Protein chains: 2
Amino acid sequence: MFEIKYKDACGRIGTLDVNGKKLETPYVFPVVNPNLLEIAPKELKKLGFNAVITNAYIINKNPELREKALKLGVKKLLDFDGIVMTDSGSYQLYGYGSVNITPEEIISFQAKIKSDIGVILDIPSKPDIKREEAEKELEETLKRAREASKLEARKKILLVSTVQGSTFLDLRERAAKELAKLNFDVYAIGGVVPLMESYRFTELAKIIIHAKRYLPLDKPVHLFGAGHPMMLSLACALGCDLFDSASYSLYAKDGRYITEHGTLHVSEMNYAPCNCPICSGHGLKEIKEDSKLLALHNLYAIKGEIERIKEAINQNSLWNLVGQRCRAHPKLLEALNAVLSGEYEKNFEEMEPATKSSAFFYFGKGCMHRAEVVRHAERLKNITPSAKSLVLLPYRQYYPSKTGSNEKYSVCYLSPIFGIIPSEVEEVYPLAQHIFTLPIEEYQKHMMKRAAYEYMKNFSHVFIHNSLRELGIEGEEITSDVQKELVRNDEIKLFGIGDYLFGKGAGKIIFENCTVKYAKTKKMRQVFDKKRNLIATIRASDGIPIFTKQGTLKLKKLKFPRSRVVLKKDEEVENFIRKGKNVFAKFVKDCDSDIRAGSEVLVVNEKDELLGYGKAVLGAREMLAFERGMAVEVRFGFED
Amino acid sequence: MFEIKYKDACGRIGTLDVNGKKLETPYVFPVVNPNLLEIAPKELKKLGFNAVITNAYIINKNPELREKALKLGVKKLLDFDGIVMTDSGSYQLYGYGSVNITPEEIISFQAKIKSDIGVILDIPSKPDIKREEAEKELEETLKRAREASKLEARKKILLVSTVQGSTFLDLRERAAKELAKLNFDVYAIGGVVPLMESYRFTELAKIIIHAKRYLPLDKPVHLFGAGHPMMLSLACALGCDLFDSASYSLYAKDGRYITEHGTLHVSEMNYAPCNCPICSGHGLKEIKEDSKLLALHNLYAIKGEIERIKEAINQNSLWNLVGQRCRAHPKLLEALNAVLSGEYEKNFEEMEPATKSSAFFYFGKGCMHRAEVVRHAERLKNITPSAKSLVLLPYRQYYPSKTGSNEKYSVCYLSPIFGIIPSEVEEVYPLAQHIFTLPIEEYQKHMMKRAAYEYMKNFSHVFIHNSLRELGIEGEEITSDVQKELVRNDEIKLFGIGDYLFGKGAGKIIFENCTVKYAKTKKMRQVFDKKRNLIATIRASDGIPIFTKQGTLKLKKLKFPRSRVVLKKDEEVENFIRKGKNVFAKFVKDCDSDIRAGSEVLVVNEKDELLGYGKAVLGAREMLAFERGMAVEVRFGFED
């Protein structure tokens with residue numbers, strides 16, 4: 001029911017299939033109060049909101065609405081032909097302590113009124129309650145979820161169950177694990193509104209991360225009650241897909257104007273900091289006097305931010321957007337710092353694309369825990385230095401030259417972000433695509449020094465550039481004699497790239513006796529084998545080799561399961577792939593766990609016979625989890 | 001011709017009077033090419049651009065345009081009834097090295113074609129040229145400016161002269177000083193386009209700051225060739241008022257889509273991250289295929305950012321906007337770090353409002369150099385501790401209680417941003433209105449420790465809260481006996497506020513024998529003298545006393561010129577003020593140099609007779625510099 005189109009950070013643009021209609025995520029459902037339709041749902045649709053959420057409990061409680069909804073369906077009731085999600089009364093339970101309907105009744109009612117997406121009646125625990133209370137409430141929520149998962153009504157609607165657990169992260173994890181077993185269509189994270197109201201974004205972020213760890217990857221995750229543009233990008237980067245918000249309307253009644261940086265009181269405003277059709281078409285004065293116009297502006301503010309987030313995912317620049325938004329309030333920055341503290345490195349690394357179309361921007365310490373940095377540290381271990389002597393140079397903004405490693409000297413750069421960068425891989429993303437500010441911070445200097453000494457252990461002689469002495473790094477001076485000999489050896493360079501991308505020893509297997517042709521920009525362009533066959537083109541944007549058929553055969557020499565996506569046994573599918581068709585996730589049986597979205601991969605059958613070569617659209621864990629959508633965009637197939 | 005409405009950082013919202021038309025700043029002039037009017041200037045006006053800039057040199061060179069312009073005027077030529085600024089050909093000089101027109105001819109031509117704002121033909125020096133060359137070119141620019149300032153044509157148009165000096169900051173300063181003497185209507189900063197093109201924002205920022213230091217405060221400053229939304233807020237915060245940009249159109253031809261975070265290539269876009277009428281009304285596909293639509297979007301992107309900047313100035317939250325924008329690119333962050341390095345503290349302190357309507361958000365080290373922090377360090381020196389014993393407590397998010405300084409104990413808080421905060425002033429902005437993130441950084445800990453030890457020198461006994469021992473601060477333990485005695489003394493509290501705001505000893509003069517009435521929120525609300533006359537109301541938002549007539553008389557006891565705005569001798573004006581009318585800048589003769597926009601001030605005549613009391617709209621330097629606009633918003637006058 002859910003498939004992924006684009007990915008960045010833990011965020012994703014996906015499509016949820018809802019009764020034949022498509023809902024593109026990330027998405028914010030505007031909350032529609034069935035009692036007072038101030039902004040008609042069909043007006044919302046004109047604004048671009050093709051799905052709304054309303055409250056089945058409220059409809060059920062009001063005899064008139066109830067009758068109409070049962071007779072005509074909730075869509076006719078709302079006069080809306082888009083997707084309708086209904087909430088269950090949990091929020092009322094939360095507010096008033098009890099509701100006069102059973103969990104089973106409310107689900108069957110949601111099905112009867114033909115809601116597209118229904119929610120089970122869970123117990124929303126408040127933050128900061130006693131552990132025993134949170135545990136007890138969670139057990140009740142889980143019991144209800146187990147019962148709901150068996151109901152007949154489930155077949156008629158998509159059903160949402162909600163992760164609870166108050167502010168106890170281990171309870172949130174337990175909730176996620178247990179609910180994951182029940183195969184709901186959408187998973188929600190609930191009981192977080194009070195955290196958002198008091199700007200406790202750090203705790204919110206941790207709750208999301210801990211819940212996401214155990215929720216199924218192939219299901220959308222809904223963050224209940226969230227919809228403020230200032231925090232949406234962070235929530236998306238952590239992997240939330242769906243949101244709902246009544247704030248557009250509640251805030252408007254209170255004279256509050258939503259922006260992507262926060263909320264303003266219209267009474268204190270002199271300028272409308274917004275280009276939306278409402279703000280462009282009406283004066284601020286009119287907006288101040290008309291809460292409906294203000295609500296419409298608020299909706300545009302939400303929609304605009306969702307579009308920004310989507311384009312940032314598309315451009316692989318989501319962290320940059322998040323970094324900016326998290327400077328809208330110190331409590332958001334605190335949350336970002338917690339997210340990028342290193343504790344969650346692995347969560348992000350697994351989900352982040354293998355290569356990005358945007359440069360890596362360094363904005364502070366937290367960036368040192370991003371997947372790109374973590375991966376480099378790992379991959380660095382794959383490279384066997386080409387010589388016993390190291391020549392260490394300061395990192396410069398990338399400028400390919402004829403300097404490089406050879407049999408006598410292993411030439412490396414020292415970067416304030418990535419530490420040691422062997423010259424062999426200087427063109428590979430993000431080593432040539434990272435931008436940082438000067439002066440270099442103390443923290444970074446410390447890390448550079450550490451990285452240098454760690455790496456220097458591999459060598460019997462170390463020569464260092466004089467400017468590195470400032471860091472306290474010791475080594476012999478690079479004499480002009482040494483300098484003359486720092487001539488790049490193409491084969492050694494290729495071995496380095498191969499080892500870096502495909503593991504220790506891979507470079508020699510793939511690139512032995514190969515030669516390189518350079519572009520006018522002095523960047524590597526093509527790789528040929530000894531018979532002058534083109535085996536790979538080096539992609540200019542990220543320095544990654546894209547193999548030809550000849551090259552793919554060399555890549556295939558790497559030991560199973562390296563770079564493999566293994567298909568389930570299915571002759572028809574095999575033939576499709578051999579003809580160059582794409583691989584869909586449901587046919588993936590297994591794969592190399594190092595594969596990430598954007599990795600170049602071999603598609604093989606269970607006998608490890610080569611079927612095709614292409615670009616992974618999903619990461620390893622996702623390929624195995626998803627039943628829908630593309631897993632590998634195949635560049636070419638191998639006919640039998 | 002130019003007056004100020006709102007201020008924040010060094011930024012300002014102003015109004016420039018141009019031949020009877022008003023131009024509100026900050027403003028970006030769209031560049032209109034007279035040869036190809038792709039977007040008709042009157043269309044620009046519909047978008048909200050009521051002023052454009054075109055090129056007089058190009059018009060002059062083309063016989064047809066020249067004739068038409070001379071006959072009908074440049075506005076008819078462009079079919080535009082707004083404000084028209086014309087450039088002089090300096091840009092062409094910059095590009096081609098020479099132009100075939102004299103400086104005098106081009107100015108008189110601009111006057112003849114009835115341009116509203118003309119530019120002198122200066123010599124735009126490139127960055128990184130040799131110093132001698134830059135000096136030589138600057139001397140020529142200055143010579144031309146001196147000549148231009150004497151021309152008859154000057155009377156007909158507003159004239160702009162341009163600060164040059166390449167990348168030499170002292171030459172930029174010299175240029176500003178010399179041009180300031182010539183009383184031009186607008187001052188521009190030129191020769192910076194190559195810096196912006198290569199993201200050398202740090203050098204750009206320094207050039208602006210050094211030029212602004214010596215440019216007259218009462219004239220708008222134009223940053224030539226700047227108009228990208230990602231850097232506009234920074235330039236405005238540094239005091240630039242006017243901008244011009246052809247990028248909306250040039251970028252569109254090149255398929256580039258402007259956003260407030262940077263520029264995207266439409267070919268790589270999948271979503272339009274924008275709510276403007278173009279992006280909302282047309283699909284992205286249409287925009288991709290129609291460069292005029294793209295140009296219109298780009299214009300909206302610029303306009304939207306200008307409105308955001310204006311509202312941020314209005315809300316006193318400009319630094320927060322700048323902080324967010326400067327995370328769009330590491331080179332912008334580098335510039336912001338340079339601006340907030342401490343080197344320019346004084347430049348900002350002089351211009352920053354006395355109190356703000358937005359809380360002080362801490363986002364990093366640079367914030368420690370903001371005016372609020374610098375001022376606190378200065379003002380702290382005014383407060384005489386109430387006792388020989390200090391009780392030092394950790395700073396808590398503000399919560400007024402009955403704890404406070406008295407004759408036996410001086411109670412202070414230690415804040416990671418402001419260091420020592422005497423409990424007397426705990427309610428005064430920004431001491432109760434600052435928000436920071438945890439954990440506290442090493443740098444801040446160091447500063448806290450230093451501040452604590454510095455302040456502890458004033459005392460013979462020091463008691464510290466246990467949690468402060470972590471910082472390495474030493475002192476006796478606060479026993480329950482001590483704790484019992486930490487009862488706030490209202491008079492001492494008032495003395496502290498008075499000293500803090502009006503200088504050492506002022507508190508006693510104003511508030512002796514006064515009592516305080518508290519609000520339900522436990523905040524101070526009103527101050528009464530011993531006869532129970534209300535002398536001041538404490539403003540809830542910032543803890544500042546707003547005096548009554550009775551209180552004003554007490555304030556008046558402070559030694560001249562403390563808190564005074566002294567008017568020029570003019571009986572009529574005096575009578576107006578006595579009747580409660582506002583003070584206009586042109587009547588200000590002198591003032592207390594500590595006055596800042598938002599300060600509560602006494603309005604007096606040359607004999608120091610009290611005429612009125614009110615709120616300063618401008619800072620001290622501005623009051624003296626401006627000939628237009630309001631200087632003091634008078635709350636009430638004192639009849640003779």
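What you are looking at is a predicted structure, and each value in this text was computed from that prediction instead of being measured. In what follows, chains are A, B, ... by sequence order, proteins preceding strands, each numbered from 1.
- Within the 4.5 Å cutoff, the side chain of A:Pro330 has no heavy atoms near those of the B:Tyr362 side chain.
- If you measure heavy-atom distances from B:Asn314 to chain A, the contacts under 4.5 Å come from the side chain alone.
- For NZ of A:Lys615, the number of neighbouring non-hydrogen atoms (other residues, nucleotides, ligands) closer than 6.0 Å is 12 at most.
- Of the options B:Arg308, B:Glu305, B:Gln315, B:Lys310, a side chain to side chain contact (heavy atoms under 4.5 Å, CB included) to A:Pro273 is made by B:Arg308 and by none of the others.
- Using a 4.5 Å cut-off between heavy atoms, B:Leu321 touches chain A through its side chain atoms alone.
- More than 12 heavy-atom neighbours from other residues, nucleotides or ligands sit within 6.0 angstrom of NZ on B:Lys45.
- Annotation: side chain of B:Glu260 is in contact with side chain of A:Glu260 (closest heavy-atom distance under 4.5 Å).
- A:Ala301 touches chain B through its backbone: at least one of N, CA, C or O sits under 4.5 Å from a heavy atom, while the side chain does not.
- Contact between B:Tyr300 and A:Asn275 at its shortest, heavy atoms only, is O-ND2, 2.5 Å.
- Between A:Ile13 and B:Tyr271, the closest side-chain pair of non-hydrogen atoms falls below 4.5 Å.
- Here the rule is side chain to side chain contact (heavy atoms under 4.5 Å, CB included) with A:Pro277, and of B:Ser280, B:Cys279, B:Cys276 only B:Ser280 fits it.
- Proximity to chain A is limited to the side chain of B:Lys5, based on heavy atoms less than 4.5 angstrom apart.
- Using a 4.5 Å cut-off between heavy atoms, B:Ala272 touches chain A through its backbone atoms (N, CA, C, O) alone.
- Ranked by heavy-atom pairs under 4.5 Å with chain B, the list A:Ile313, A:Leu333, A:Ile309, A:Ile306 is led by A:Leu333.
- Residue-environment remark: NZ (A:Lys445) exceeds the threshold of 12 foreign heavy atoms within 6.0 Å.
- The candidate from A:Asn320, A:Asn337, A:Thr259, A:Leu264 with the greatest count of non-hydrogen atom pairs under 4.5 Å with chain B is A:Leu264.
- Contact of A:Lys46 with chain B is not made at all, since no heavy-atom distance falls under 4.5 Å.
- A:Thr437 is not listed as a side-chain neighbour of B:Lys331, based on a closest heavy-atom distance of 4.5 Å or more.
- With B:Gln324 as the fixed residue, the side chain to side chain donor-acceptor pair (under 3.5 Å) test singles out one of A:His261, A:Arg327, A:Gln324, A:Arg325: A:His261.
- Summarising the geometry, atom OG belonging to A:Ser358 is positioned 8.5 Å from atom CD belonging to B:Glu268; distances are rounded to the nearest 0.5 Å.
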